[in-house]
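Below is one structure, written out as C-alpha cells, with a few remarks after it.
These values consider heavy atoms only, across backbone and side chains, with no hydrogens, waters or symmetry-generated copies.
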Amino acid sequence: MAQTRTIPAISYAEDIDEGVTGVDAGLLVLRAVVGVILAGHGAQKLLGWFDGPGFDATAATLAGAGYPSGRTMTWVLGLSEIVGGFALVVGFLTPLAAAAVIGVMINAIALKWGYDWSGPIAATDPRGIEYEFLLGAAGVALALTGAGLVSVDGALGRGGRLAPGLAAVLLGAAAGVGVLFLRRL
C-alpha cells in the first residue's frame, strides 16, 4: 500500500510568530544589493547620475541598436530599473519587481551579444555577460522566493508562493523577449 505524504503550506503570516530567520536576512541583503544596483543604473540612464550617459545618449544608443523610438524605450528601460530597483529594496510586489530585472537583463545580454547569442561569458571580455547573467538569475531567485519577512510584502502577509513567482518569471521573460522583437533587424 502506497503512503501519501502531506507537505504543509508555508505562509509568511505563520512565520511571523517564529521571527525573522537567516533566510529572511539573506533575502533582505540580496534585494537591497540588486535593487540599489538596478535603481542606480536607471538613474544613470534617465538622469545622468553616477557618471551615467543621461537620457539623450541612452536614447541614441537604443535607437542605434535598433529599438524603435529610442526616447520611449529609454523611459521604459530607466523606469523599469528605477521603480523595479526601489520595489526590490523595500520588498514591495517583489515578483513584479523581479520580472523587471529579468526583462531588462535579457535585453542587456542581447545588446552585448547581438542576435546570434554567441558572445563570450567571461567578464574580462567587453562582450562578457557574467554580470548581466548574475543579475538576471538574482531576479529569478527573488521572483521564486518572494521578499521574505523583512519587507512590505512580508508585513502584508504576501509572498513566498511558487505560482506567482513562476508567473513573474514568465512575465519578465516574455516582456524581455517581446521588446527584443521590437528591434529592427
Side-chain angles (χ1 to χ4, degrees), residues 26-27 29-91 93-145 147 165-185:
L27 288 170
V29 170
L30 180 62
R31 284 191 350 257
V33 170
V34 173
V36 167
I37 289 170
L38 202 66
H41 284 174
Q44 286 180 312
K45 292 171 182 84
L46 282 184
L47 307 169
W49 291 1
F50 314 115
D51 294 323
F55 187 89
D56 291 333
T58 301
T61 299
L62 292 175
Y67 287 93
S69 182
R71 296 182 71 75
T72 300
M73 294 310 292
T74 299
W75 280 112
V76 171
L77 172 60
L79 290 176
S80 293
E81 289 182 323
I82 291 173
V83 173
F86 281 127
L88 283 178
V89 169
V90 299
L93 299 175
T94 303
L96 289 178
V101 175
I102 295 164
V104 167
M105 290 306 121
I106 287 171
N107 279 270
I109 291 169
L111 277 174
K112 278 194 168 182
W113 276 7
Y115 278 111
D116 62 359
W117 290 87
S118 63
I121 294 176
T124 56
D125 187 294
R127 289 183 54 207
I129 55 133
E130 286 175 331
Y131 179 70
E132 293 82 2
F133 189 79
L134 178 62
L135 288 177
V140 170
L142 287 168
L144 295 174
T145 60
L166 285 174
V169 170
L170 293 175
L171 174 65
V177 171
V179 169
L180 285 178
F181 279 115
L182 295 176
R183 287 177 61 190
R184 295 182 300 274
L185 292 174

(request) Would you list the pairs meeting salt bridge (Lys or Arg N to Asp or Glu O under 4.0 Å) in which at least one residue belongs to residues 58-72, sequence neighbours left out? (result) Asp56-Arg71
(message) Looking at every non-hydrogen atom in both residues, tell me the closest pair between Gly172 and Ile106 and how far apart they are.
(response) O-CD1, 4.3 Å
(message) Can you give me the closest heavy-atom contact between Ala32 and Val89, atom names plus distance?
(response) O-CG2, 4.0 Å
In residues 73-80, what donor-acceptor pairs under 3.5 Å come from side-chain atoms, sequence neighbours left out?
residue	atom	partner	partner atom	Å
Thr74	OG1	Ala59	N	3.2
Thr74	OG1	Gly70	O	2.7
Ser80	OG	Val76	O	2.7

(message) Testing the basics here: between Gly84 and Ala100, what is the closest heavy-atom pair and its distance to 0.1 Å?
(response) CA-CB, 4.5 Å
(message) Rounded at 0.5 Å granularity, tell me how far CD in Glu130 sits from CG in Leu135.
(response) 12.0 Å
When the side chains of residues 36-55 are checked against the rest of the protein, which donor-acceptor pairs come out under 3.5 Å, sequence neighbours left out?
residue	atom	partner	partner atom	Å
Gln44	NE2	Phe50	O	3.0
Lys45	NZ	Glu81	OE1	3.1
Lys45	NZ	Glu81	OE2	3.3

(request) For a side chain to side chain contact (heavy atoms under 4.5 Å, CB included) with Phe86, tell me which candidate from Val83, Val90, Ile82 qualifies. (result) Ile82
(request) Give every residue pair that meets the side-chain hydrogen bond (donor to acceptor under 3.5 Å, both in side chains) criterion with at least one member in residues 132-142, sequence neighbours excluded. (result) Lys112-Glu132
(request) Check side chain to side chain contact (heavy atoms under 4.5 Å, CB included) between Leu170 and all other residues, then give those that pass, not counting sequence neighbours. (result) none
(message) Quick check: closest heavy atoms across Gly176 and Asn107, and the distance to 0.1 Å?
(response) O-ND2, 3.0 Å
(request) Would you please name every residue forming a side chain to side chain contact (heavy atoms under 4.5 Å, CB included) with Ala87, sequence neighbours left out? (result) Ala97
(message) Applying side chain to side chain donor-acceptor pair (under 3.5 Å), can you list everything that pairs with Thr72, at least two apart in sequence or on another chain?
(response) Ser69
(request) For residues Leu180 and Ala110, report the shortest heavy-atom separation together with the two atoms involved. (result) CD2-CB, 3.4 Å
(request) Could you grab the distance from atom CG of Leu88 to atom CG of Leu142, nearest 0.5 Å is fine? (result) 6.0 Å
(request) Would you list the pairs meeting salt bridge (Lys or Arg N to Asp or Glu O under 4.0 Å) in which at least one residue belongs to residues 32-42, sequence neighbours left out? (result) none
(request) Starting from the C-alpha separation in whole Å, work towards a yes-or-no answer on side-chain contact (heavy atoms from CB on, under 4.5 Å) for Leu96 and Leu171. (result) CA-CA 8 Å; Leu96 289 178; Leu171 174 65; 3.8 Å; yes
(request) Could you pull out the closest heavy-atom pair between Thr94 and Ala147, with the gap in Å? (result) OG1-CB, 3.1 Å
